[in-house]
Novice: 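Have a look at this one before I ask anything.
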Number of protein chains: 2
Amino acid sequence: MADVAHRAGVSTATVSRCVNAPARVQPETRERIEAAIRDLGYSPNFGARALAARRTDTIGAIIPTLDNSVFARGLQAFQTALVEHGMTLLLASSSYRPDLEEAQIRTLVARGADGLLLIGHERDPALYDFLALHRVPVLVAWVHDPAAPRPSVGFDNKAAMEAMTSAVLDRGHVRLATISGHTRFNDRTRDRVAGVRAAMAARGLDPAALAVVETPYGIETGAQAMAELMARDPRPTAVICGNDLLGMGALRQARAMGLRVPGDVSITGFDDMELSTVADPPLATVAIPHARMGTTAAAMLTGMVRDGTRPDSVALPCEILLRASLGPAPLSPA
Amino acid sequence: MADVAHRAGVSTATVSRCVNAPARVQPETRERIEAAIRDLGYSPNFGARALAARRTDTIGAIIPTLDNSVFARGLQAFQTALVEHGMTLLLASSSYRPDLEEAQIRTLVARGADGLLLIGHERDPALYDFLALHRVPVLVAWVHDPAAPRPSVGFDNKAAMEAMTSAVLDRGHVRLATISGHTRFNDRTRDRVAGVRAAMAARGLDPAALAVVETPYGIETGAQAMAELMARDPRPTAVICGNDLLGMGALRQARAMGLRVPGDVSITGFDDMELSTVADPPLATVAIPHARMGTTAAAMLTGMVRDGTRPDSVALPCEILLRASLGPAPLSPA
DNA sequence: GCCTCGCATGTAAGCGCTTGCATGACGCGA
DNA sequence: TCGCGTCATGCAAGCGCTTACATGCGAGGC
């Protein structure tokens, strides 16, 4: 930087201003500096800048997993938008484990993340205290809860699942089952199950009659859960799955058991992963606004970091995709 | 830090040593310091540390996309392993565009990435010069080419595709087609097509007879390419796809056209995405060692950064998964 | 018993930027 | 013409660590 200053015949202060606030330096001076920067191939030292300016232009994100495309797609949009705002993404994953998530949060804060994107509201309050202490703005994604004490961007998991369940009930189904991800430490999952129950209650069905199997997200686990549900008597005529992986597993298992979908049993998913369109039959599911969520999150978080504002939570709409895996309830009980 | 030093009755230098090289301080001193750190909730300032130590313990990765799980799964393993090595992941994506990739490389280097993970060898030599100039070690993944001037960790795309093609040829197919991703700027894609041709040549077939359609990776695009191929006369009896998304699209299109798979046409993929097992019929494909690749990459890159060594390239084996979408060639030409 | 060496710790000089404040030039109104 | 405000720029004090070198101590060898 000193070299650049010398070559341009100015002080390092002016070079710094030229880089960070070009408007504050005379056009001709700026040109000279820019030429010097180019000639010398100068690029500011990140550590020094972080130290002096007390910011890193870096945003941390901690997601449960990248192993399937559930979060990856939203993250892709988030990262791309972040770059457009001049920010860089620091990424960590928690494997759905609160203890690992906590460790990652601490790491990212120690690494100087200016802001954090987290999935879901539920975590140890002490963590939020920690973040407040370090003045790190937090944005919660994949959920929408205007009542929460922190801004969020996402969709209403409960309402979305309630809408999907209504569509199922519209088709005459009475004996419903749900294959859910683990609800412990996971408000999204819990809200989805609550949505199923709410829809049942709204139609005068007993929510307690809902058959629920909890299992980690995955195709295999979904298939196992399906096997278990199909062994029950009476057998459910519609299986509402907490995500598409579970739904795909259920579909595969149904086929393996010789059950027709939707003739004998209807199956729905949640997420609209690319695989749900190519399934046979295509999986009815809830489409999540991944891209908009990621893009919006990037804009909100950048704003929070730069202006110190606390934006309002943003609700994004989901879409119920009624595909062939959802059909009318079978006429005669199995 | 000064507070910690004062409370523990030592100098800041000792605190620093206690944090960075615990073995170099007396056990009882260390205990006092650690207690002080705990009591005060001290955590070192990242920028200051980066500035003074000239390293960030941060690794950058630039991948083409996170929109499907092709790279996401490997990245998941990479990130997890990185954390175990005390490193943090800076992530960027390029959308398969060399210009964006270059910009991201420059950004990550400016952000102080100690090392970089890149996908594929092919890029502007000036970029490699830039990286050498900045002394940033680079590891290339998703390919294996021992002859390349840079270390890599991955698999031999050509050999893998050659093996898959051999399996196809074993089943009597003669009229082959390939749906490939764009081969420009993409050595993986190119190697895969080359693998198909090599297998043909090895059996005395004319590699030039291979029908090739290039299209961006995607289910829709795969379906369109399939439609185009199936309209040709004579019609290929086996379609070898450059990845599973293309394969799934081809499968869907075949079904839509009333073609039986594999009765009328065989289809193969590449990647073993989760969706290929649930397809109907299940998609024959090449299983890539995502997790091992990610884990190995993390270990190699950490070593390169810490010891300044240049490790040997690592080849990881792929597995040919012969699933039902691949069958014998139809007896009578279509 | 003296010297040497190794070890634990302290001292202090940066690391390369940003930014509050000071300076001086210039333009404008009185 | 003078004074004041405005603007572009310079000065220099950090930002909070790491680390080369200095120091002082105890142990071991002769």
Side-chain angles (χ1 to χ4, degrees), chain A residues 1-37 40-58 86 88 107 109-114 133-136 305-306, chain B residues 1-37 40-58 86 88 107 109-114 134-135 305-306:
Chain A
M1 184 163 172
D3 294 346
V4 171
H6 185 250
R7 182 182 249 260
V10 298
S11 72
T12 61
T14 304
V15 174
S16 173
R17 278 189 278 262
C18 181
V19 170
N20 298 300
R24 293 190 51 198
V25 357
Q26 204 85 342
E28 56 185 45
T29 314
R30 197 194 310 166
E31 256 171 48
R32 255 183 305 135
I33 297 176
E34 280 166 357
I37 288 178
L40 268 42
Y42 164 81
S43 120
N45 176 290
F46 174 71
R49 170 180 285 198
L51 180 56
R54 303 146 163 290
R55 75 187 145 74
T56 58
D57 290 334
T58 288
T88 306
T107 302
V109 170
R111 281 290 203 278
D114 290 338
L133 181 71
H134 286 262
R135 310 250 142 105
V136 178
V305 166
R306 299 242 161 100
Chain B
M1 184 162 173
D3 294 346
V4 172
H6 185 251
R7 182 183 250 258
V10 297
S11 72
T12 60
T14 305
V15 174
S16 173
R17 277 190 280 262
C18 182
V19 170
N20 298 300
R24 293 189 51 197
V25 359
Q26 205 85 343
E28 58 184 43
T29 314
R30 195 192 314 166
E31 257 170 47
R32 254 183 304 135
I33 296 176
E34 280 165 356
I37 288 178
L40 268 41
Y42 164 80
S43 119
N45 175 290
F46 174 71
R49 170 179 285 197
L51 180 57
R54 303 145 162 290
R55 74 186 147 73
T56 58
D57 289 335
T58 288
T88 305
T107 302
V109 169
R111 283 291 149 94
D114 289 339
H134 287 262
R135 311 251 143 119
V305 166
R306 298 239 162 102

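Remember, predicted model here, so these are calculated numbers, not experimental data. Residue numbers begin at 1 in each chain, while the letters A, B, ... track the order of the sequences.
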Novice: Grab the CZ-C1' distance between R54(A) and dG16(C) for me, whole Å please.
Specialist: 15 Å

Novice: Please report the closest heavy-atom contact between V4(A) and L40(A), naming both atoms and the distance.
Specialist: N-CD2, 3.7 Å

Novice: Using every non-hydrogen atom in the two residues, find where D114(B) and D57(B) come nearest and quote the distance to one decimal.
Specialist: OD2-N, 2.6 Å

Novice: Might you point out which heavy atoms bring C18(A) and E34(A) nearest each other, and give the distance in Å?
Specialist: SG-CG, 4.3 Å

Novice: Please report the distance, rounded to the nearest Å, between CZ in R49(A) and C1' in dG16(D).
Specialist: 18 Å

Novice: Calculate the interatomic distance between H6(A) atom NE2 and dG10(D) atom P; express it in whole Å.
Specialist: 12 Å

Novice: Verify the neighbour count for atom NE2 of H134(A): are there more than 12 heavy atoms of other residues, nucleotides or ligands below 6.0 Å?
Specialist: yes

Novice: Considering only heavy atoms from C-beta outward, does the side chain of T58(B) approach that of R111(B) to under 4.5 Å?
Specialist: no

Novice: I need the CD1-P distance between I37(B) and dG16(D), as an integer number of Å.
Specialist: 16 Å

Novice: Quick check for you: to the nearest 0.5 Å, what is the distance between R49(B) atom CZ and S16(B) atom OG?
Specialist: 7.5 Å

Novice: Can you measure F46(B) atom CZ to dC17(C) atom P for me and round it to whole angstrom units?
Specialist: 16 Å

Novice: Could you check which residues of residues 8-24 of chain B get a heavy atom under 4.0 Å from DNA chain D? Sort them by number, please.
Specialist: A13(B), S16(B), R17(B), N20(B)

Novice: How sharply is the helix from dG1(C)-dC30(D) to dA30(C)-dT1(D) bent, taking the axes over five pairs at either end and rounding to 10 degrees?
Specialist: 40°

Novice: From CG of N45(B) over to P of dC15(D), roughly how many Å is that when rounded to an integer?
Specialist: 11 Å

Novice: Has R17(A) got a side-chain atom pairing as donor or acceptor with V25(A)'s backbone, closer than 3.5 angstrom?
Specialist: no

Novice: If you assign P44(A) and R32(B) each to the DNA chain C nucleotide with the nearest heavy atom, which residue ends up on the more 5' nucleotide?
Specialist: R32(B)

Novice: Need one value for Y42(A): base, sugar-phosphate or nothing, where a base atom within 4.0 Å counts as base even if backbone is also close, heavy atoms only.
Specialist: sugar-phosphate

Novice: Got a donor-acceptor contact below 3.5 angstrom from the R55(A) side chain to the R306(A) backbone?
Specialist: no

Novice: Roughly how many Å is it from CD in Q26(B) to P in dC7(C), rounded to a whole number?
Specialist: 12 Å

Novice: For a quick test of reading the model, state the closest non-hydrogen atom pair linking S11(A) to A5(A) and the distance between them.
Specialist: C-CB, 3.7 Å

Novice: Atom CE of M1(A) and atom C1' of dC11(D): how far apart are they, to the nearest Å?
Specialist: 13 Å

